[in-house]
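Structure first, then comments.
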Amino acid sequence: MQIIKEYVEENRQRFLHELFELLRFQSVSADPKYKDEVLKTADFVADKLKNSGANHVEVCPTEGYPIVYGEKIIDSSLPTVLVYGHYDVQPPDPIELWETPPFEPTLRDGKIYARGACDDKGQFYMHVKAFELMVHTNTLPCNIKFMIEGEEEVGSDNLGKFVAQNKERLKADVVLISDTSMISMENPSIETGLRGLAYMEVEVQGPIKDLHSGVYGGAVANPATILCQMIASLHDEHNHITIPGFYDGVINLSEEERKSLNDAPFDLEEYKKELSIDDVWGEAGYSTIERTGIRPTLEVNGIWGGYTGPGAKTVLPAKANAKISMRLVPGQDWRKISELFKNHFESIAPKSVKVKVIAHHGGTPYVTPTNSIAFKAAYKAIKDSFGKEPVPTRGGGSIPIVALFEEELGIKTVLMGFGLDSDSLHSPNEKYDVFNYYKGIETIPLFHKYFAEMSK
Ligand code: BES
Ligand code: MN
Ligand code: MN
């Protein structure tokens, strides 16, 4: 513990400086205009892995963005930890709402503001620096492999193929990921679940062209109105989702499990205040913690159609569109849910319009074991460094590749995230506390230490 603290103390400024360098790359995977920047980020990460002590660092090309791989094998009889993270980030829009530019990391009140500060550059880079620390202080207790990808925010399609084709190379005893949240720094927690995802896009087509709303309005179906009606019908008065078969197979938690989930510290008033809402919303019969952790949901991510420019234009638009996603829980299969959605959405369309539904990416939900050596090692590491026992929670977000690690490689994952839900992931003014960054760098070596010790 002392060695760790000293090394972090001595290298504090450089650790932060390097993260800032990483944050300056505009590695937005969703938008092709950032392509060069994304590629440069991969090279930067590879370079840093090399400098930090990894051997066989490789920028592995894929049909999309490359995967950065690096490893240090010290003894084949020791356990191996596979660290996964992503160097790509979400688009910075709406850019005008950022107080300081998204790709010019800025320190304010002990917080790093930048796109990717928390998700996931700040978090995966803690592992790179913790690794450097272990190599330089001669305390690396196990083998370590890094796999940092550039397409997490767009569904990790090519990583799936890479994993399937590199089973031997990726052999490990556990996957360790910091890409999730804690309740707060005073209430450390470990997420034990990720939700799955089914992402859809719909188009409602009315007349062949935009029409004068005075001449045709009232006599021809307005696709924007119809789309709103269709979307509204996807929830009933209890906010249950109305797609037939949607809840089939959903694994319900026992009363005891639900109670222990709800025992986690959570302040509803604080939650509302922070989001500036007067009330919460959601499926009847479930608490906010349950609604975001163990229940499936359906959200409209975007909706457009017709005239949205300045002033007024009286028009009956030819079409209207929406992007709709569903978060899934264990027992639900995203391919089947996508199919159910498509069939249902087509079936509720009135004859006056034509509907097109396309399925984008999906992801399988995942629940981590809590009785594994790796989970216990993470628990003990956090307890040591925070001075408080972590609470297990269920995360609402998705990291689709995690289920695949288990399916393809047979390896289970530990989610040792240090972010906060209030870090504004995917939102303007994303941040990461400098405190969390260093705390993570100090906690990670403890994980490796305990994992190696307990594996003996
Ligand atoms: N790191 C997040 C997932 C996350 C955030 C998990 C907070 C738990 C708590 C990840 O980068 C992410 O945003 N995933 C996407 C899915 C992807 C297919 C676009 C998501 O959850 O929307
Ligand atoms: Mn992430
Ligand atoms: Mn993300």
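Order of appearance sets the numbers: ligands from 1, and atoms from 1 within every ligand. No experiment lies behind these values; they were computed from the predicted model shown.
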* So is G397 in contact with ligand 1, going by heavy-atom distances below 4.0 Å? ->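 For ligand 1, residue contact (heavy atoms, under 4.0 Å) with G397 is present.
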* Applying a strict 4.0 Å limit to heavy atoms, is P400 in contact with ligand 1? ->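 In this structure, P400 qualifies as a contact of ligand 1 - some heavy atom is under 4.0 Å.
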* To do: Measure across L23 and F103 and return the closest heavy-atom pair with its distance rounded to 0.1 Å.
  =>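 Of all heavy-atom pairs spanning L23 and F103, the closest is O-CD2, 3.7 Å.
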* Do you know which two heavy atoms are closest between A284 and H240, and how far apart they sit? ->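 Between these two residues, the closest heavy atoms are O-CE1, 4.2 Å.
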Quick test: of every protein heavy atom, which one is nearest to [atom], and how far off is it to 0.1 Å?
atom: atom 19 (C) of ligand 1; answer: E153 O, 3.4 Å
atom: atom 4 (C) of ligand 1; answer: D179 O, 3.7 Å
atom: atom 16 (C) of ligand 1; answer: S398 O, 3.6 Å
atom: atom 8 (C) of ligand 1; answer: E191 OE1, 3.4 Å

Under a 3.5 Å threshold, yes or no: a donor from one side chain and an acceptor from the other, between [X] and [Y]?
X: S254; Y: E257; value: yes
X: H238; Y: E283; value: no
X: K129; Y: S52; value: yes

* **Atoms in ligand 1 flagged as close to H86, the criterion being non-hydrogen separation under 4.0 Å** =>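 Close to H86: 11 (O).
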* **Atoms in ligand 1 flagged as close to L197, the criterion being non-hydrogen separation under 4.0 Å** =>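 Ligand 1 atoms under the 4.0 Å threshold to L197: 18 (C).
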* To do: Considering just N/O/S atoms, say which atom of H86 is closest to the Mn ion (ligand 2).
  =>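 Of the nitrogen, oxygen and sulfur atoms in H86, the Mn ion (ligand 2) lies nearest to NE2.
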At less than 2.8 Å, would any N/O/S atom of [X], backbone or side chain, sit next to the Mn ion (ligand 3)?
X: D119; value: yes
X: D179; value: no
X: H426; value: yes

* To do: Under 4.0 Å, heavy atoms only, figure out whether ligand 1 is touched by the backbone of D120, its side chain, both or neither.
  =>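 Answer for D120: neither.
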* Just heavy atoms, cut-off under 4.0 Å: does D119 contact ligand 1 by side chain, backbone, both, or neither? ->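 Side chain only.
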* Between atom NZ of K121 and atom CG of D179, what is the distance when rounded to the nearest 0.5 Å? ->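 Answer rounded to 0.5 Å: 13.0 Å.
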Option with minimal heavy-atom separation from [atom], where the choices are [options]:
atom: atom 21 (O) of ligand 1; options: R195, R394, R327; answer: R327
atom: atom 7 (C) of ligand 1; options: V402, L425, V89; answer: L425
atom: atom 17 (C) of ligand 1; options: H360, E151, E152; answer: E152

* Taking the N/O/S atoms of E153 one by one, which is nearest to the Mn ion (ligand 3)? ->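 Minimum-distance N/O/S atom of E153 relative to the Mn ion (ligand 3) is OE2.
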Do the ring centers of [X] and [Y] come within less than 6.0 Å of each other?
X: Y84; Y: F405; value: yes
X: F146; Y: Y69; value: no
X: Y271; Y: F266; value: yes

* If the plane angle is over 60° it's perpendicular, under 30° parallel, otherwise tilted; pick one for Y379 and F375. =>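 Ring orientation, 0 to 90° scale: tilted.
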* To do: May I have the step-by-step check of side chain to side chain contact (heavy atoms under 4.5 Å, CB included) for Y65 and H86, ending in yes or no?
  => CA-CA 11 Å; Y65 288 120; H86 62 93; over 6 Å; no
